[in-house]
Amino acid sequence: MARRRAARCHVMERRRLLQLATAVAGTTWLPRSAWSQPRLPDDPFTLGVASGSPAATSVVLWTRLAGAALVGEPVTLRWEIADDERFARVVQSGQAQALPELAHAAHVEAQGLAPDRWYFYRFTAGPWVSPVGRTRTFPADDAPAGRLRLAYASCQRWEHGWYGAWRHMRADAPDAVVFLGDYIYEYPMAANPVRSTGSGWVLSLDDYRARYALHRSDPDLQAMHHACPWLYTWDDHEVQNDYAGEQAGVGGPPVGDFPRRRAAAYQAWYEHTPVRASVLTRALQGLASGQGLRIYGQQRFGRLATLLLLDTRQYKSPQACTPGGQAGSGVVNPLQCAAWGEPERTMLGAQQEAWLAAQLARGGAAWTVLGQSTLFGMRDFAPGPGRLLWNDGWDGYPAARRRLVEALQATAAPNPVLLGGDVHENWVGHVKADYERPGSTSVGVEFCGTSITSRASRPETVAVRLEENPHFVYAEADHRGYGIAEFTPERLQVTLRGVDDVRRKDSGVLTLARFVVEAGRPVVQRA
């Protein structure tokens, strides 16, 4: 009886979400008869605005309304895009509806914009006007482009520090931000917190929504969202530490229905992320059936760069040989793990691997940039003879890593650059054809960034590990911060930036190191 009742609940949930998908798909433009407007006594735009998924003629505009007056009520918003910050020259405007079923989030896919242009945008609801955001379109696929300035970052645990890194990144004026995972953490509290989440474990849809809203309340993070468009992938803490595909992770009270928890986390991620409204129907269909939503995709920046954002969490095989026989991550001797090299084990899943190979084969741009959530190159934790590898990253999936490297080689993808996060340390090095042979060909280069706030390993251990892994040329764990990658047709320059003290709101920032990669030569050099 209980099983039959649960099945009926899942059918009803799926039907509700499918109806929601159908309704929302048509609400970007609304006739006046469809307007709805509850009384809004307080400013509903306290979570700010954001933009993302920039293409040559379109960009996604986002906001989420907040306030007690919104409970159960849909709200019709007006949006505007202008050439100037004062909105004297409005180039587009329209209406969109913020529905309570999606936490009053609005995703507007603005079309018909001019390529390679900066714009300003804002929303209004009743008497209230949102902060003004600044966004841009990318050059057309076949257009020349002289420069692309990307910021990349990851891992911003609330309790571990202030978000001063975002304030300094804004001053560095990137064209776009690539966020590489762990936008939130599902934990209740950290030891010796700098600030408090004020809540317990994040388990339900309401919990995830509240945690995102907490992060979005930070003024430095809001300001960075207001400054330029963002591109995204995710890692584990958007759901649960060390989860892999449909296998639950570790930490917190047990949850009987992990796929349902994951679906709630994915929905909350969508509600707080400026991804395309055109994927909403497919996303909600997947969520309703307990499946996921596709977030991997491609963006072109003219003939200068192809940006490929990968999902290394949703489709991955469970970790192999975790010590103690538990789920989750651990450091493992691969020679003592029979499953380590099994060819069917995957980080990306077969469908995403095939899509990636097809995208790499298309070429057409000077640089091939792969944004994914973690360190790609082998990182041996054991000094001297023997080997100890972390089983949650690419090291734990050597067959999958080999397939990706072979795809880069087979397609002759131009100037591959891998960006990653997750490990809370800066690692810079070479993508090798065979990590078992240090002298093998370098296929590309890798820049794995530190965290915005999340704490790192002891800095003194990093120097030992760097010496043990000669395909890396630089590593450090002393600083929290971000990277700036500036692409031109001739070269890539990467600047690593670190804040002085993440525990201080007013922390300064310094340049940790600079590197150059010349086009046509996959070698990292100190600048």
Side-chain angles (χ1 to χ4, degrees), residues 16 20 23-24 26-52 60-82 85-88 90 92-108 110 120-135 158 163 166 183-184 195-200 202 204-227 264 267-274 277 280:
R16 184 188 71 81
L20 177 63
V24 175
T27 59
T28 301
W29 296 85
L30 293 172
R32 184 175 295 273
S33 60
W35 289 8
S36 56
Q37 198 65 46
R39 182 174 174 271
L40 301 173
D42 301 308
D43 181 3
F45 293 111
T46 56
L47 302 182
V49 299
S51 67
V60 173
L61 311 179
W62 172 94
T63 192
R64 179 194 163 190
L65 305 182
L70 300 173
V71 176
E73 294 286 341
V75 179
T76 299
L77 304 174
R78 180 173 177 81
W79 57 270
E80 297 175 294
I81 300 177
E85 194 169 4
R86 295 185 177 182
F87 289 80
V90 173
Q92 280 195 28
S93 63
Q95 292 84 37
Q97 199 163 40
L99 299 180
E101 293 87 348
L102 291 174
H104 290 99
H107 296 71
V108 173
F120 297 90
Y121 65 96
R122 66 186 178 188
F123 294 86
T124 57
W128 303 101
V129 181
S130 76
V132 173
R134 184 171 179 258
T135 192
W158 180 268
Y163 289 166
W166 294 122
Y183 193 96
I184 64 166
R195 50 183 174 171
S196 171
T197 63
S199 61
V202 175
S204 68
L205 178 57
D206 286 343
D207 294 339
Y208 285 107
R209 286 170 169 171
R211 190 59 58 91
Y212 276 102
L214 177 68
H215 285 65
R216 288 283 192 171
S217 70
D218 184 275
D220 289 323
L221 177 56
Q222 278 195 23
M224 192 64 240
H225 276 296
H226 297 170
Q267 180 174 337
W269 180 89
Y270 171 80
E271 291 168 352
H272 294 83
T273 305
L280 180 57

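Atoms CD1 and OG, on I81 and S51 in that order, are 9.5 Å from each other to the nearest 0.5 Å.
Across all non-hydrogen atoms, the minimal contact from F45 to T63 is CD2-OG1, 3.6 Å. P74 and P38 get closest at one heavy-atom pair: O-CD, 3.4 Å. Contact between A66 and T46 at its shortest, heavy atoms only, is CB-OG1, 3.7 Å. Looking at every heavy atom in both residues, A50 comes nearest to Y121 through C-OH, 3.0 Å. Heavy-atom minimum distance, A125 versus P44: CB-CG, 4.3 Å. Taking each heavy atom of S217 and L47 in turn, the nearest pair found is N-CD2, 4.4 Å.
Put simply, the side chain of V108 does not reach to within 4.5 Å of the side chain of W62, judged on heavy atoms. By the 4.5 Å heavy-atom criterion applied to side chains, P100 and E73 are not counted as neighbours. Inter-residue side-chain proximity for L99 and V75 is flagged as unmet; no heavy-atom pair is nearer than 4.5 Å. In this structure, L77 and T124 have side chains that are not in contact, with every pair of non-hydrogen atoms separated by 4.5 Å or more. For the pair R64 and L102, the minimum side-chain heavy-atom distance is 4.5 Å or more.
Scanning for salt bridge (Lys or Arg N to Asp or Glu O under 4.0 Å) contacts around R216 gives an empty result, with sequence neighbours left out.
Note: H272 and Y212 have parallel aromatic rings, judged against thresholds of 30 and 60 degrees for the angle between ring planes.
For the pair R78 and F87, the cation-pi test (distance below 6.0 Å, angle within 45°) is failed. Cation-pi geometry between R195 and W158 is met: the NZ or CZ atom falls under 6.0 Å from the ring centre, inside 45° of the normal.
A salt bridge links E271 with R209: the distance from a Lys NZ or Arg NE/NH1/NH2 to an Asp or Glu carboxylate oxygen falls below 4.0 Å.
The backbone N or O of G48 sits nowhere less than 3.5 Å from a side-chain atom of H225 that would complete a donor-acceptor pair.
Taking the six-membered ring wherever Trp is involved, the centroid distance between the rings of H107 and Y270 falls below 6.0 Å.
Each of V49, V132, V129, L65 was scored for a side chain to side chain contact (heavy atoms under 4.5 Å, CB included) with F123, with one residue passing: V49.
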* side chain to side chain contact (heavy atoms under 4.5 Å, CB included) between Y163 and H215, worked out -> CA-CA 10 Å; Y163 289 166; H215 285 65; 3.0 Å; yes
